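Notes follow once the structure below has been shown.
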Amino acid sequence: MNNLEFAKIFWQIAEFLELKADNPFKIRAYRAAAQNIESLSKSLEEIYAQGGLKAIEEIPGIGTHIGQKIEEQIKTGKVSVLTQLRKEFPQGFLELASIPGLGPKTALLLKKLKIDSLAKLEKAAKSGQLRDLPGFGAKKEKNILRGLNLKKASHGRFLLDEASAHAELLVEELEKLPEAKKILPCGSLRRGQETVGDLDILVVSDKPNIIMDKFVKLAMVKDILAKGETKSSVILKNGLPADLRVVNEKSFGAASHYFTGSKAHNIHIRQLAHQAGWKVSEYGIFNQKGQQIGGQTEADMFAKFRLDYIPPELREMRGEFEAAAKGQLPKLVELSDIKGDLHLHTKATDGLNSIEEMAEAAKKLGYEYILISDHTQSTRVAGGLSESEMLAHLKKIKAANKKIKGLEILAGAEVDILPDGSLDYPNKILNQLDIVIVSIHSNFKMPKEKMTQRIVTALSNPLVKIFCHPTGRLIGQREGYEVDLEKVLPAAQKYNVAIEINAHPQRLDLTDVYCQRAKELGVKMVISTDAHSTDQLELMKYGVMVARRGWLEKKDIVNTQAVRDLL
DNA sequence: GCCGTTTTCGGCCCGACTGTTTTCAGTCG
Ligand SMILES: Nc1nc2c(ncn2[C@H]2C[C@H](O)[C@@H](COP(=O)(O)OP(=O)(O)OP(=O)(O)O)O2)c(=O)[nH]1
Ligand SMILES: [Mg+2]
Ligand SMILES: [Mg+2]
Ligand SMILES: [Zn+2]
């Protein structure tokens, strides 16, 4: 069982306990444990195999009880508490609480009335059965119907590029309002999380009512969920929800910190405030008399606690406070550090543009080099090149490199790793390439052991320099193949192969927590776009975000180096 | 259920919006 599956056990236990109106702090404890398990870069199974229950209990947020449940799952394949809870609730009941605006209290009430599925709820609401319940009324009943519709129409989480694009559009609209003095997109988007649930936009203004009135009337707004004088929530026409928060200038720092999150990070800084005899809210840092003593700038939110500034991408409760207190935060890699793109395609295979077009676009980004890396023969669906076609393609790349000044065009290929771990071309072809990058495009459904061996075998070829999109996952479409990164990463280190952070918003592969692990193991990383067209070269920023979330610095990233120092 | 440079017991972040209330509960950020 992988860590995400372990985490899911505890997310579910938390959910069930909430629906039983159990102790809220116990529920929070389960959620904290789930969150921390998702942040681990080593598998619980492996931690357990190496250090037993004791090692498991050293994980933050995991104590004797949750530790025992992990042990039970490993030993017996189930957690009896969860099995029991599942029996207490009818199938489909959990879905009720996923309706926006309908929480655990209401769900519990509905259960008593035997309304325990979405269909039954809809029927009850439509026939006016809910309005007479205690604490209910006609409006609440209508809101439940609206919530049902919202859930049906819900798009789920959004990829980073679509969320970013809509944030930019929304910011453009808000910039037209003279009452808006500052506008800052916050939330998971600012933290560079791989998917985004909603936009969280902060505005500074002394005229919050005017901002709110104009905000909810914007053409891009489809539905208004709530509207107050400091906070409003809407759904945009593309289905993306957006929250707007308006504060005074003097609260800008505290509010941007609050609204950027993460929630767990926020709670921690509020606990630090408590220890110092202060209080932190989105309005500032306050002393016991209630006077504001800080929080006008975001930097001050850290400085007041003797912490170095923690960049948004690190605010995930993954050790950032300890590092900031000791002055040991990494100096994170930046987009402007990137000197080239080492994974791109042309119309020789499944790309849209020519070598020259890709090169010109790369020059416009200020790059020093690119690697043309088209597909190889086994990847037929992508127009993979036969040996002779590749040799001809090579000549074209070399010719383009001669022709185009101010950019080094390196000749490479994204060589398929065959099921037995051998490569799609013999070494006599690979020898002629400047840089060989490799990846898996077929036979995804191998057992973990075999897949791991397949990859390690490929990486052991001394001509191989980069392993691309190492897990093969496509966000929202398919899980990655089963692979033991605890073996692949050390192999990459041993054979001096760099691991790719694929910057495509649907891949973002390797993920942040494994980037951190790779760094620990001394593995070099490279950030590449896998661009299939000139405009996709600009996806680099999303890969940089992943690297930053993985605590990586310029020196950890191969393509921040000059071309002569590459690999 | 977790956790401890004041604690191994008694805390656990703080505030906005809505609908139903006549002072607050529920839900959410
Ligand atoms: N202090 C505190 N802050 C919270 C809480 N819930 C949310 N926040 C803050 C931190 C979040 O990053 C920010 C925006 O909330 P969201 O629900 O939109 O979460 P976020 O953007 O992190 O993730 P998302 O991708 O939208 O699911 O508000 C909370 O319970 N307490
Ligand atoms: Mg959000
Ligand atoms: Mg939000
Ligand atoms: Zn590719």
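Fair warning: this is a prediction, and the values are worked out from it, not measured in the lab. Here is how names work: the chains are called A, B, and so on, in the same order as the sequence lines, proteins then strands, and each is numbered from 1.
Among the heavy atoms of the strands lying under 4.0 Å from A/Ala138 are primed sugar atoms or P, OP1, OP2 only; no base atom is included. Across all strands shown, A/Ile62 has heavy atoms under 4.0 Å from sugar-phosphate atoms exclusively, and none from any base. Residue A/Ile66 is in sugar-phosphate contact alone, with no base atom involved, counting any heavy-atom pair closer than 4.0 Å across all strands shown. Note on A/Lys263: a base of the nucleic acid sits closer than 4.0 angstrom, heavy atoms only.
Side-chain proximity of A/Thr230 to the nucleotides B/dA16, B/dG29, B/dG19 is greatest for B/dA16. Out of B/dC2, B/dC13, B/dC17, the shortest distance to the side chain of A/Thr64 is found at B/dC2. When distances are taken from the side chain of A/Lys139 to each of B/dC17, B/dG29, B/dG19, the shortest belongs to B/dG19. Checking B/dC13, B/dG29, B/dT27 against every side-chain atom of A/Arg270, the shortest atom distance belongs to B/dC13. In the set B/dG1, B/dT18, B/dA16, the nucleotide with an atom closest to the side chain of A/Arg245 is B/dA16.
Across B/dT6 and B/dG11, the matching C1' atoms stand 14 Å from one another, rounded to whole Å. Atom name C1', nucleotides B/dC9 and B/dC14: the rounded distance is 24 Å, in whole Å. When the C1' atom is compared between B/dG1 and B/dT20, the two are found 34 Å apart, to the nearest whole Å. For the C1' atom pair drawn from B/dG26 and B/dT21, the interatomic distance equals 12 Å after rounding to whole Å. Taking the C1' atoms as reference points, B/dC2 lies 12 Å from B/dT8, given to the whole Å. Going from the C1' atom of B/dT7 to that of B/dT18 covers 39 Å, rounded to whole Å. On the C1' atoms, B/dG10 is 32 Å away from B/dC17, given to the nearest whole Å. As rounded to the nearest Å, B/dG15 and B/dT5 have C1' atoms that lie 31 Å from one another.
Figure legend. B/dT8 is base-paired to no nucleotide; pairs are counted as Watson-Crick or G-U wobble with both atom distances under 3.5 Å.
The distance between atom CG of A/Asp198 and atom C1' of B/dG29, rounded to the nearest whole Å, is 9 Å. Atom P of nucleotide B/dG1 and atom CD1 of A/Ile70 are separated by 13 Å, given to the nearest angstrom. Summarising the geometry, the separation between CD1 on A/Ile267 and C1' on B/dG15 is reported as 13 Å, rounded to the nearest angstrom. What separates CD1 of A/Ile285 from P of B/dC14 is a distance of 13 Å, to the nearest Å. In this structure, A/Gln271 atom CD and B/dT7 atom C1' are separated by 15 Å, rounded to whole Å. Per the geometry, NE2 belonging to A/His274 stands 13 Å off C1' belonging to B/dT7, to the nearest Å. Across the protein-nucleic acid pair, A/Phe259 atom CZ and B/dG15 atom C1' stand 13 Å apart, rounded to whole Å. B/dT18 atom P lies 10 Å from atom CE of A/Met212, rounded to whole Å.
Scored by the side-chain hydrogen bond (donor to acceptor under 3.5 Å, both in side chains) test, A/Asp22 finds no partners at all (sequence neighbours excluded). For A/Gln291, the side-chain hydrogen bond (donor to acceptor under 3.5 Å, both in side chains) test picks out A/Asn287, with sequence neighbours left out.
Of the N and O atoms on the side chains of A/Arg517 and A/Ser41, not one donor lies less than 3.5 Å from an acceptor on the other residue.
Residue side chain A/Tyr283 does not reach the base of B/dG15 through any donor-acceptor N/O pair under 3.5 Å, judged by distance alone.
OP1 or OP2 of B/dC13 has not a single side-chain nitrogen or oxygen of A/His268 nearer than 4.0 Å. Here A/Thr106 reaches the OP1 or OP2 of B/dT27: one of its side-chain N or O atoms lies under 4.0 Å away. Contact annotation: A/Asn143 side-chain N/O to B/dT18 OP1/OP2 distance is not under 4.0 Å.
Taking the six-membered ring for Trp and the full ring otherwise, A/Phe302 and A/His257 have centroids separated by under 6.0 Å. Residues A/Trp278 and A/Phe305 bring their aromatic ring centres within 6.0 Å.
By the neighbour-count criterion of 12 heavy atoms within 6.0 Å, atom NZ of A/Lys120 is densely surrounded, having more than that number from other residues, nucleotides or ligands.
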Passes side-chain contact (heavy atoms from CB on, under 4.5 Å), A/Leu184 versus A/Phe252? Steps please.
CA-CA 10 Å; A/Leu184 181 69; A/Phe252 178 64; 4.1 Å; yes
Kindly indicate, with the supporting measurements, whether the criterion side-chain contact (heavy atoms from CB on, under 4.5 Å) is fulfilled by A/Leu44 and A/Leu40.
CA-CA 8 Å; A/Leu44 280 180; A/Leu40 294 173; 3.7 Å; yes
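Salt bridge annotation for A/Lys152-A/Glu122: present, with a cationic side-chain nitrogen under 4.0 angstrom from a carboxylate oxygen.
Only A/Asn23, A/Phe25, A/Lys26, A/Arg28, A/Ala29, A/Tyr30, listed by number, bring a heavy atom of residues 18-38 of chain A to less than 4.0 angstrom from any atom of DNA chain B.
Judged purely by atom type and a 3.5 angstrom limit, A/Asp300 has no side-chain atom pairing as donor or acceptor with the backbone of A/Ala303.
Two residues, A/Phe136 and A/Pro104, neighbour DNA chain B, and the one matched to the more 5' nucleotide by heavy-atom proximity is A/Phe136. The residue among A/Lys69 and A/Lys140 whose nearest nucleotide of DNA chain B is located toward the 5' end is A/Lys69.
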